[in-house]
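Heads up: the structure comes next, in structure tokens.
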Amino acid sequence: QVQLQESGPGLVKPSQTLSLTCTVSGDSITTDAYYWSWIRQPPGKGLEWVGSIGYDDSTFYSPSLKSSTSISRDTSKNHITLQLSSVTPEDTAVYYCARYYYSAYYGRRGYEDWGQGTQVTVSS
């Protein structure tokens, strides 16, 4: 059973850099065909994909957040890190880590596992 656990500061000041970690257990983050994603949900709004890092260390970012977002991984610790720079109150949200499977060969794709989410508030 794969488990994902988000961690990081609950409160960040405007213009600072937000850093969150997703610790994965039950599977390696290098397992073929899996992409590890960050998704957020601002208060009163729907889910918004932030970006992903693949089993092969490839990265993908939301076009609207690309200039301020960086996703990396530490294979020795089996965790994923999200950094969001120059945050504003609009970045206030619950941030989720999720595991996404994609295989063109098998014709299968979708989110398979989610963390519980962590609340991040941007305020001075």
State, to 0.1 Å, how close [X] and [Y] come at their nearest heavy-atom pair, and which atoms those are.
X      : Y      : answer
Gln119 : Ala93  : NE2-O, 3.6 Å
Cys97  : Leu4   : SG-CD2, 3.4 Å
Arg109 : Tyr102 : NH2-CE1, 3.2 Å
Gln41  : Lys45  : NE2-O, 2.9 Å
Gly115 : Glu6   : CA-OE2, 3.2 Å
Tyr61  : Ile71  : OH-N, 2.9 Å

Indicate if [X] and [Y] have the same hydrophobic cluster label, given that clusters are the connected sets of ILVMFWY residues with side-chain heavy-atom separations under 4.5 angstrom.
X     : Y      : result
Tyr95 : Leu47  : no
Leu18 : Val94  : no
Trp38 : Val122 : yes
Val87 : Leu82  : yes

Output for pair (His79 NE2, Gln5 CD), nearest 0.5 Å, gives 13.5 Å
Sort and list the pairs that fulfil ring pair (Phe, Tyr, Trp, His ring centres under 6.0 Å) and have at least one residue in residues 13-34, not counting sequence neighbours. Tyr34-Tyr101
Here the ring pair (Phe, Tyr, Trp, His ring centres under 6.0 Å) pairs for residues 4-30, sequence neighbours left out, are none
Sequence neighbours excluded, which residues qualify as side chain to side chain contact (heavy atoms under 4.5 Å, CB included) partners of Ser19? Thr81, Gln83
Ser58: which residues meet the side chain to side chain contact (heavy atoms under 4.5 Å, CB included) condition with it, sequence neighbours left out? Tyr35, Asp56, Phe60
Applying the side chain to side chain contact (heavy atoms under 4.5 Å, CB included) test to Leu20, which of Ile80, Thr118, Leu84 qualifies? Thr118
Qualifying residue for side chain to side chain contact (heavy atoms under 4.5 Å, CB included) with Val50, from Thr69, Ile39, Asp91: Thr69
Is it the case that the side chain of Ser124 and the backbone of Lys13 share a donor-acceptor pair, with hydrogens and angles ignored and the cut-off at 3.5 Å? no
The side chain to side chain donor-acceptor pair (under 3.5 Å) partners of Ser52 (sequence neighbours excluded) come to Ser37, Trp49
Checking Glu112 against Val2 for the side-chain contact (heavy atoms from CB on, under 4.5 Å) test, could you report, in this order, the C-alpha distance in whole Å, the side-chain angles of both residues, the deciding distance, and whether it holds? CA-CA 9 Å; Glu112 296 189 348; Val2 178; over 6 Å; no
More than 12 heavy atoms of other groups within 6.0 Å of Gln16 CD: yes
Report all side-chain donor-acceptor pairs from residues 21-30 shorter than 3.5 Å, counting only partners two or more places apart or in another chain.
from  : atom 1 : to    : atom 2 : distance (Å)
Asp27 : OD1    : Thr31 : OG1    : 2.6
Asp27 : OD2    : Thr31 : OG1    : 3.4
Asp27 : OD2    : Arg99 : NH1    : 2.7
Ser28 : OG     : Thr30 : N      : 3.1
Ser28 : OG     : Thr30 : OG1    : 2.7

